[in-house]
Amino acid sequence: MEIRDLRDDGGREITAYGSSGLTAEALIRSDVAALTVLRVAAGGEIGRHPTDVEQFLLVLFGRGSVRSGDGPWEPVEAGHLVIWRPGEVHTTRADEDLTAYVLEASGLLS
C-alpha cells in the first residue's frame with residue numbers, strides 16, 4: 001500500500017502554451033489513459049491548448065475558472081468536474097491555489 005498526500009507540492013514545472021504557476025505530477029501513464037495531479041498557484045494559468053482525447057478535470061482543492069474556446073469564463077471549485085471533448089481548446093486559471101486530477105483517455109464519453 002502507498003499513501004500520497006496530494007496537498008504537498010510536487011511534480012515538474014510546466015510552461016507550455018504560456019502556462020504559469022503550474023506543476024504536473026503523473027500518477028498513471030499507459031497507452032490508453034493518463035491520470036495527472038495538476039497544481040496551479042493563485043493567479044496562475046494553464047495556457048490555452050486543445051485536447052487530444054477526452055479530458056476530465058476534477059477540482060480537489062481551491063477555486064478558479066475555466067474557459068472553452070473564446071467562451072465565457074466559468075467558475076470552478078473543489079468538487080466540480082469539467083469535461084472537455086477531443087479537439088476542444090480550453091484554458092484554466094486559479095483564483096486561489098488549485099489542485100485537480102486530470103484524466104485523459106479515449107472513449108470515456110460513449
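Residue Ile83 is grouped with residue Tyr101 when hydrophobic side chains (ILVMFWY) are merged at heavy-atom distances under 4.5 angstrom, including chains of intermediate members.
Of the possible polar contacts, one joining the Glu54 side chain to the Gly107 backbone as a donor-acceptor pair under 3.5 Å is found. A side-chain donor-acceptor contact under 3.5 Å links Thr51 to the backbone of Gly87.
The two residues Ala41 and Ala94 make their nearest non-hydrogen contact at O-CB, 3.5 Å. Nearest heavy atom pair, residue Ala105 against residue Val32, reads CB-O, 3.3 Å. Counting all heavy atoms, side chain and backbone alike, Ala100 lies closest to Leu98 at CB-CD2, 4.1 Å.
The CD atom of Glu13 sits 6.0 Å away from atom OG1 of Thr15, with the distance rounded to the nearest 0.5 Å. Atom OG of Ser30 sits about 10.5 Å away from atom CG of Leu35, to the nearest 0.5 Å. Distance check: His80 NE2 to Leu60 CG gives 13.0 Å after rounding to the nearest 0.5 Å. With values rounded to the nearest 0.5 angstrom, Phe56 atom CZ is found 4.0 Å from Leu109 atom CG.
Glu88 and Ser68 form a side-chain donor-acceptor contact under 3.5 Å, judged by distance and modelled atom types alone.
Just one of Leu103, Leu57, Leu58 meets the side-chain contact (heavy atoms from CB on, under 4.5 Å) condition when paired with Leu81; it is Leu58. The residue from Leu38, Ile14, Thr91 that alone fulfils the side-chain contact (heavy atoms from CB on, under 4.5 Å) condition with Ile46 is Leu38. Under the side chain to side chain donor-acceptor pair (under 3.5 Å) rule, His90 has a single partner from Arg48, His49, Arg85, which is His49.
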Output, in order, the C-alpha distance, side-chain angles, deciding distance and verdict of side-chain contact (heavy atoms from CB on, under 4.5 Å) for Asp97 and Phe61.
CA-CA 8 Å; Asp97 289 351; Phe61 309 107; over 6 Å; no
Throw together a table of side-chain donor-acceptor distances under 3.5 angstrom for residues 21-29, partners on residues two or more places apart or in other chains.
residue: Thr23; atom: OG1; partner: Gly10; partner atom: O; Å: 3.3
residue: Glu25; atom: OE1; partner: Arg39; partner atom: NH1; Å: 3.1
residue: Glu25; atom: OE1; partner: Arg39; partner atom: NH2; Å: 3.0
residue: Arg29; atom: NH1; partner: Thr36; partner atom: OG1; Å: 3.0
residue: Arg29; atom: NH2; partner: Thr36; partner atom: OG1; Å: 2.9

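Counting heavy-atom neighbours within 6.0 Å of Asp5 CG, excluding the residue itself, gives a total above 12.
Considering only heavy atoms from C-beta on, Trp84 stays 4.5 Å or farther from Val53 through its side chain.
In this structure Glu74 satisfies the salt bridge (Lys or Arg N to Asp or Glu O under 4.0 Å) test with no other residue, sequence neighbours excluded.
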